Visitor: 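Got a structure for you, written out below as structure tokens; questions coming shortly.
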Amino acid sequence: MFHGRSPNGWDGWRFSSTPLVNSEPDGLTDISGPTLVQRNGTTYVDHHGNVGRMRVTEAGNGFDRENHLGVFHTPIASDSDRVAASCFGTDTGTSYLFYEAGPRRNARIDIARAV
């Protein structure tokens, strides 16, 4: 996952020559589905890889870190052995995780609520 900067968010992009998050430290062959998350005064990248679990890596507010924190969601029985493509939201103080569950081409969108 490489990252870039633009003076206006539209054009003039300049991309880093090094990835923001590498797959190797997690023992994966590939990663995808990045989601940017800001919590506890820092920035994280949530992503999934080729083994059906969602992971989180601290990138730092300046995208100057790559602190692999590990798996934050492992599939439960109803997830059919695969979770991916997370999206977070908050409603009236309650946090929610929306995510893809199940095998590719036969997946569905599931939701988890913080308790």
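Excluded from the calculations below are hydrogen atoms, water molecules and symmetry mates; all remaining heavy atoms, backbone and side chain alike, are included. Residues: numbered from 1 along the sequence shown. In this text, all values refer to a predicted model and were calculated from it rather than measured experimentally.
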Visitor: Got a sec, which residues hit side-chain contact (heavy atoms from CB on, under 4.5 Å) with N8, two or more places apart in sequence or on another chain?
Guide: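 With sequence neighbours excluded, N8 shows a side-chain contact (heavy atoms from CB on, under 4.5 Å) to S6, W10, D11, given in chain and number order.
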
Visitor: Under the side-chain contact (heavy atoms from CB on, under 4.5 Å) test, which residues partner Q38, sequence neighbours left out?
Guide: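 If we apply the side-chain contact (heavy atoms from CB on, under 4.5 Å) test to Q38, skipping adjacent residues, the hits are T43, N61.
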
Visitor: Return the set of residues passing side-chain hydrogen bond (donor to acceptor under 3.5 Å, both in side chains) with E100 (not counting sequence neighbours), or none when no residue passes.
Guide: R82

Visitor: Please list, chain by chain and in numerical order, all residues satisfying salt bridge (Lys or Arg N to Asp or Glu O under 4.0 Å) with R5, sequence neighbours excluded.
Guide: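 Here no residue qualifies.
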
Visitor: Apply side-chain hydrogen bond (donor to acceptor under 3.5 Å, both in side chains) to D81 and list each qualifying residue two or more places apart in sequence or on a separate chain.
Guide: none

Visitor: Distance only, no hydrogens: is a donor on one side chain within 3.5 Å (strictly under) of an acceptor on the other, for H47 and S32?
Guide: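 Note: H47 and S32 side chains miss the donor-acceptor criterion.
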
Visitor: With a cutoff of under 4.5 Å between side-chain heavy atoms, which Ile, Leu, Val, Met, Phe, Trp and Tyr residues group with V71?
Guide: none

Visitor: For P103, what residues pass the side-chain contact (heavy atoms from CB on, under 4.5 Å) criterion, not counting sequence neighbours?
Guide: S80, N106

Visitor: Other hydrophobic cluster members with I76, side-chain heavy atoms of Ile/Leu/Val/Met/Phe/Trp/Tyr under 4.5 Å, chained?
Guide: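 Under the 4.5 Å side-chain rule, I76 groups with nothing.
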
Visitor: Below 3.5 Å, can you tabulate the donor-acceptor pairs from side chains in residues 87-98 to any protein atom, sequence neighbours excluded?
Guide:
none

Visitor: Checking D110 now: which residues fulfil salt bridge (Lys or Arg N to Asp or Glu O under 4.0 Å) with it, not counting sequence neighbours?
Guide: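 Salt bridge (Lys or Arg N to Asp or Glu O under 4.0 Å) list for D110, sorted by chain: R108.
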
Visitor: Which heavy atom of P34 sits nearest a heavy atom of V45, and at what distance?
Guide: CB-CG1, 3.9 Å

Visitor: Taking only residues two or more places apart in sequence, or in another chain, which ones meet D26 in a salt bridge (Lys or Arg N to Asp or Glu O under 4.0 Å)?
Guide: R55

